[in-house]
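Remarks on the structure that follows.
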Amino acid sequence: MKAPSFDYVRPGSLPEVFEVLENHREDARILAGGQSLMATLNMRLSAPAILVDINRIGGLSGIDLDGGMLRIGAMARHVEVERSPLVARCAPLISRAIRHIAHPAIRNRGTFGGSIAFADPAAELPACVVALGARLVIEGSRGRRMVAADDFFQGLYRTALSSDEVLVAVEIPVATAEARHGFLELARRHGDYAMIGVAAKARLRSGALSDVRLVYFAAGDRPVLAGRASAALEGGPNSADARRAAMDALDGDLDPPEDLNASAAMRLHLAKVLTRRVLEDLVP
Ligand SMILES: Cc1cc2nc3c(=O)[nH]c(=O)nc-3n(C[C@H](O)[C@H](O)[C@H](O)COP(=O)(O)OP(=O)(O)OC[C@H]3O[C@@H](n4cnc5c(N)ncnc54)[C@H](O)[C@@H]3O)c2cc1C
């Protein structure tokens, strides 16, 4: 199928973007890397009247350090993030996860911000930013606001973004020497969306885990922070007993969906298997 017809604008500044978004509201759609949007247009799952291309706007890309936070511009391409030594050092969870996104051609165009804004519940990066306690920098004509990743994802492809706002950057607390991370997913083929996956973050001090955050994707309508399983690991060593308790606690945390790829029971079982493996392999 071909996309329905639409108007196209390529503003040169954010205020111009805000003006178009304000004028067209729900009828406008931001075009970043186009790797999800163009597919939804071509399948006629979406029919915006106007596309607002943000590829020429300065200041939306780049990866840098800013006051103890790693700042990844919304228009940073997946490939830039994947190859960034700064990301590898300051947010190793992101480096590990991003290689699982699709294939090189898609990672060359797709953007960090596009993946977060699209909020596919099976996507890797939304789960990672929740696990890392990131904050999202959002701008619109009413000004700038910060939203915690925990509050950003509000349902299936639904976020805290209003139709007249742009996600401009993601800010991630820089990993400390005590930080431990793990990432695993199961997909039928490498590059496919995951059947189930987990992004894990914890602190290891004097042999005890703390600040544990186990976040699952393809496990609900948004990234799912498993509160009970995370709490089961809190304050003790990363022992086989603690891991078993975390796996058992997942019964109360996850209520995964059923689809052509997997039944709900199979997803829950696989989530437990991934949990054991990811905890056995928590790395700096
Ligand atoms: C074959 C294939 C396989 C894929 N596999 C995976 C995978 O395994 N894992 C995965 O995570 N992704 C996967 N993707 C999606 C890919 O990661 C996309 O790059 C990403 O989801 C969207 O980024 P984008 O820059 O292409 O955004 P676009 O497609 O341009 O936009 C996506 C949506 O987000 C909105 N948007 C984009 N940027 C902003 C912004 N800065 N502010 C506000 N709204 C914004 C757009 O309006 C649109 O609604 C796959 C895509 C394809 C085509």
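Order of listing sets the numbers, starting from 1, for every ligand and every atom in it. What you see is a predicted model, and the numbers here were worked out from it, not measured in a lab.
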Original post:
Does any non-hydrogen side-chain atom of Glu165 lie less than 4.5 Å from one of Leu21?
Top reply: no

**OP:** Each residue besides Leu45 in its hydrophobic cluster should be listed here, by chain and number; the cluster joins Ile, Leu, Val, Met, Phe, Trp and Tyr at side-chain heavy-atom distances under 4.5 Å.
**Re:** Met43

**OP:** Could you tell me whether Phe217 and Phe183 have their ring centroids closer than 6.0 angstrom?
**Re:** yes

Subject >> Pair listing, side-chain hydrogen bond (donor to acceptor under 3.5 Å, both in side chains) test, anchored in residues 146-155, at least two apart >> reply: Asp150-Arg213

Original post:
Tracing side-chain links under 4.5 Å among I, L, V, M, F, W and Y, which residues wind up in one group with Ile106?
Top reply: none

Original post:
Under a 4.0 Å heavy-atom cut-off, which residues neighbour ligand 1?
Top reply: Arg29, Ile30, Leu31, Ala32, Gly33, Gly34, Gln35, Ser36, Leu37, Ile54, Ala74, His78, His100, Ile101, Ala102, Ile106, Gly110, Thr111, Gly114, Ser115, Ala117, Phe118, Ala123, Glu124, Leu161, Val166, Leu167, Gly191, Asp192, Tyr193

**OP:** Please say whether more than 12 non-hydrogen atoms of neighbouring residues, nucleotides or ligands are located less than 6.0 Å from CZ in Arg228.
**Re:** no

